[in-house]
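Below is one structure, written out as C-alpha cells; comments come after it.
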Amino acid sequence: MTETTKKAAESAAELKAKYGRIYRVTVDVPDEEGALQQKTYIFKKPVAASYDRYLQSVPGGQVRALKTLVRDNLLEEYQDQLTADLEEYPGLLIPLGNKLLDMLGVTAAAAVKKL
C-alpha cells in the first residue's frame with residue numbers, strides 16, 4: 001500500500017467515524033485541452049428531509065434545486081473544493097445532483113402492466 005493510498009484510507013475511516021455512511025462521487029470533466037480531469041467529492045447519503053428541501057427549491061429553478069441538494073449532502077470538508085470547482089465548471093451540479101437523486105430512488109425503474 002502506497003503512502004498516498006494509506007492516507008486516503010485513514011481519511012476515509014475518519015470521515016466514516018464522523019458522518020456514518022459516506023459515498024465517493026467522481027466526475028470526469030474535460031479541461032481546455034480536452035484531457036479529462038477527475039473531480040472527487042464525498043457525500044453523506046441523502047435523507048428524506050434533504051429531498052423535501054430539493055423539491056421545495058425546484059420552482060426557483062432546476063439548477064438552484066440541484067445546488068441545494070448537492071450542498072445539503074456534501075461533507076463540510078469538501079464545500080470549499082466544490083465552490084472553487086463550480087467557478088470553473090458550473091455544470092458539475094447536474095451530474096452530482098443526478099447521482100444523489102439516484103441514491104434516493106428517483107430514477108428507479110418501474111414497470112406498469114394492464115391487468
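Along the sequence shown, residues carry numbers from 1.
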Would you find a donor on one side and an acceptor on the other, under 3.5 Å apart, between the side chain of Lys45 and the backbone of Ile22? no
Verify side chain to side chain contact (heavy atoms under 4.5 Å, CB included) between Val70 and Tyr41, making sure each step is shown before the conclusion. CA-CA 10 Å; Val70 168; Tyr41 310 93; over 6 Å; no
Heavy atoms of other groups near Leu55 CG, more than 12 under 6.0 Å: yes
Under 3.5 Å, is there a donor-acceptor pair between the Ser50 and Arg71 side chains? no
Side chain to side chain contact (heavy atoms under 4.5 Å, CB included) for Leu93 and Leu86? Distances and angles first, verdict last. CA-CA 8 Å; Leu93 285 173; Leu86 286 176; 3.8 Å; yes
Do Tyr19 and Glu77 get their side chains close enough for a donor-acceptor pair, meaning under 3.5 Å? yes
Can you tell if the side chain of Tyr89 reaches within under 4.5 Å of the side chain of Asp31, non-hydrogen atoms only? yes
Can you list the steps and then say if Gln37 with Glu88 is a side chain to side chain contact (heavy atoms under 4.5 Å, CB included)? CA-CA 12 Å; Gln37 291 186 10; Glu88 190 170 353; 5.6 Å; no
Hey, which of Leu100, Leu69, Val106 is the one that makes side-chain contact (heavy atoms from CB on, under 4.5 Å) with Tyr54? Leu69
Under 4.5 Å between side-chain heavy atoms, counting indirect links through other Ile/Leu/Val/Met/Phe/Trp/Tyr residues: same cluster for Leu101 and Val47 or not? no
Heavy-atom nearest pair, Val27 first then Pro95, reads CG1-CG, 4.1 Å
Please test Leu15 against Tyr78 for side chain to side chain contact (heavy atoms under 4.5 Å, CB included), starting from the C-alpha separation and ending with a verdict. CA-CA 11 Å; Leu15 291 172; Tyr78 290 83; 4.2 Å; yes
From CD (Gln81) to CD1 (Ile42), nearest 0.5 Å: 9.0 Å
Tell me if the NZ atom of Lys39 is crowded by more than 12 foreign heavy atoms within 6.0 Å. yes
side-chain contact (heavy atoms from CB on, under 4.5 Å) partner of Phe43, chosen from Asp72, Leu75, Leu96: Leu96
How long is the straight-line distance from OG1 of Thr107 back to CG of Asp102, given to the nearest 0.5 Å? 3.5 Å
For the residue pair Lys44 and Tyr23, what are the closest heavy atoms and their distance? C-CD1, 4.4 Å
Tell me whether Gln79 contacts the main-chain N or O of Leu74 through its side chain, where contact means a donor paired with an acceptor under 3.5 Å. yes
Closest non-hydrogen contact found for Ser57 with Thr68 is OG-OG1, 3.4 Å
Are the side chains of Thr40 and Arg24 in contact, using a 4.5 Å heavy-atom criterion? yes
